[in-house]
Undergrad: 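The structure under discussion is supplied below as C-alpha cells; questions concerning it will follow.
Counting convention: from 1, in listed order, for ligands and their atoms alike. Only this structure's heavy atoms are used, side chains among them; waters, hydrogens and symmetry mates stay out.
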Amino acid sequence: MEKQELINEAFKAMKNAYAPYSNYHVGAAIETADGKIIYGANIENASFGATNCAERSAVFAAYSNGYRKDTIKALAIVSDGDRIAAPCGICRQVLCELVEGDMPIYLSNGKDECTTCINELLPMQFVQEDVIR
Ligand code: THU
C-alpha cells in the first residue's frame with residue numbers, strides 16, 4: 001500500500017477521535033501483512049490519565065486481532081494540529097515493544113509529512129531482554 005493511502009486511512013480514523021477535553025484529534029491506521037487496515041483514535045477521559053492515544057489504540061487493536069510484529073507492516077499517525085503529532089513518550093515505549101524497530105511510521109497533519117521508525121524515535125531502548133534474563 002502507498003504511504004499516502006495509509007495516511008488517508010488514518011484521517012478516516014481521526015473522525016472517530018473522542019477528544020472533548022483537548023479538542024485535539026488524532027487518528028492512526030496500521031497496515032497488516034494480509035492487507036487489512038486496523039484503525040485507532042485518541043479516546044480521552046475525564047480522569048485525564050486514563051486517555052488512550054490513537055497509535056496505542058491502533059496497535060492494541062492489532063494485537064487484539066492476532067497480529068504481531070511480523071504481521072504489522074506500517075503505521076500512519078495523523079492529527080489536526082498545526083504541527084505533525086510525534087508520538088508521546090508512552091506510545092514510543094509501547095511501539096518499541098510491539099512493532100519492528102525499522103517499521104515505517106508515517107506522520108502527517110495534512111500539511112507537513114515525515115517518515116520515521118521507532119528506532120529513530122526512541123534511542124537506548126528498554127526492552128524485554130533487559131527484564132527477562
Ligand atoms: N495524542 C495522541 O493520540 N497521539 C499522539 O501522538 C499525541 C497525543 C492525544 C492524546 C490526547 O487525547 C490528545 O492527543 C492531547 O494530548
Undergrad: Atom 9 (C) of ligand 1: which protein heavy atom is closest, and how many Å away?
TA: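 The closest one turns out to be Asn42 ND2, 3.6 Å.
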Undergrad: Just by distance, do the side chain of Asn65 and the backbone of Ala61 share a donor-acceptor pair under 3.5 Å?
TA: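 Yes, Asn65 side chain to Ala61 backbone: donor-acceptor pair under 3.5 Å.
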Undergrad: Mark up the atoms of ligand 1 that fall under 4.0 Å of a heavy atom belonging to Cys53, in ascending order.
TA: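 With Cys53 as reference, the close atoms of ligand 1 come out as 1 (N), 2 (C), 3 (O), 4 (N), 10 (C).
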Undergrad: Do Lys36 and Glu31 pass the salt bridge (Lys or Arg N to Asp or Glu O under 4.0 Å) test, and can you show the C-alpha distance, the side-chain angles, and the key distance before you say yes or no?
TA: CA-CA 6 Å; Lys36 300 232 164 55; Glu31 180 190 6; over 6 Å; no
Undergrad: Indicate yes or no: does an N/O atom of Ser22 lie under 3.5 Å from an N/O atom of ligand 1?
TA: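 There is no such contact.
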Undergrad: When you measure from atom 16 (O) of ligand 1 to the protein, is at least one non-hydrogen atom found at a distance under 4.0 Å?
TA: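 Protein heavy atom within 4.0 Å of atom 16 (O) of ligand 1: absent.
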Undergrad: Pick, from Ala86, Gly40, Ala58, the option with the minimum heavy-atom distance to atom 7 (C) of ligand 1.
TA: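 It is Ala86 whose heavy atom sits nearest to atom 7 (C) of ligand 1.
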Undergrad: Looking only at distances, please establish whether an N/O atom of ligand 1 is found under 3.5 Å from an N/O atom of Glu55.
TA: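 Yes: some nitrogen or oxygen of Glu55 is under 3.5 Å from one in ligand 1.
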Undergrad: Would you say ligand 1 has an N or O under 3.5 Å from any N or O of Ile77?
TA: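 Min N/O separation from ligand 1 is not below 3.5 Å for Ile77.
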Undergrad: Please step through side chain to side chain contact (heavy atoms under 4.5 Å, CB included) for the pair His25 and Ser79, ending with a clear verdict.
TA: CA-CA 6 Å; His25 303 91; Ser79 76; over 6 Å; no
Undergrad: Does Tyr106 form a side chain to side chain contact (heavy atoms under 4.5 Å, CB included) with Glu113? I'd like the steps, not just the answer.
TA: CA-CA 7 Å; Tyr106 310 129; Glu113 216 171 271; over 6 Å; no
Undergrad: I'd like to know if the side chain of Glu44 and the backbone of Tyr21 have a donor-acceptor N/O pair within less than 3.5 Å.
TA: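 Side chain of Glu44 to backbone of Tyr21, a donor-acceptor pair under 3.5 Å: yes, one is there.
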Undergrad: Provide, to 0.1 Å, the distance between atom 3 (O) of ligand 1 and the closest protein heavy atom, together with that atom's residue and name.
TA: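 In this structure, atom 3 (O) of ligand 1 has Ala54 N, 2.9 Å as its nearest protein heavy atom.
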Undergrad: Checking Val127 against Cys96 for the side chain to side chain contact (heavy atoms under 4.5 Å, CB included) test, could you report, in this order, the C-alpha distance in whole Å, the side-chain angles of both residues, the deciding distance, and whether it holds?
TA: CA-CA 8 Å; Val127 295; Cys96 149; 3.9 Å; yes
Undergrad: Any N or O of Glu44 that comes nearer than 3.5 Å to an N or O of ligand 1?
TA: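 In this structure, Glu44 places an N or O atom under 3.5 Å from an N or O of ligand 1.
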Undergrad: Checking Asn109 against Asp82 for the side chain to side chain contact (heavy atoms under 4.5 Å, CB included) test, could you report, in this order, the C-alpha distance in whole Å, the side-chain angles of both residues, the deciding distance, and whether it holds?
TA: CA-CA 7 Å; Asn109 64 353; Asp82 293 336; 5.5 Å; no
Undergrad: What residue and atom, counting heavy atoms only, is the protein's closest point to atom 14 (O) of ligand 1, and at what distance?
TA: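 Ranking protein heavy atoms by distance from atom 14 (O) of ligand 1, first comes Tyr24 CD2, 3.3 Å.
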Undergrad: Does some non-hydrogen atom of Ala19 fall short of 4.0 Å from ligand 1?
TA: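 It does not; every heavy atom stays at 4.0 Å or beyond.
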Undergrad: Is a side-chain donor-acceptor pair under 3.5 Å present for Asp34 with Tyr67?
TA: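 The answer is yes; a qualifying pair exists.
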Undergrad: Heavy-atom contact under 4.0 Å between Thr51 and ligand 1?
TA: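 It does, in that a heavy atom of Thr51 comes within the 4.0 Å cut-off of ligand 1.
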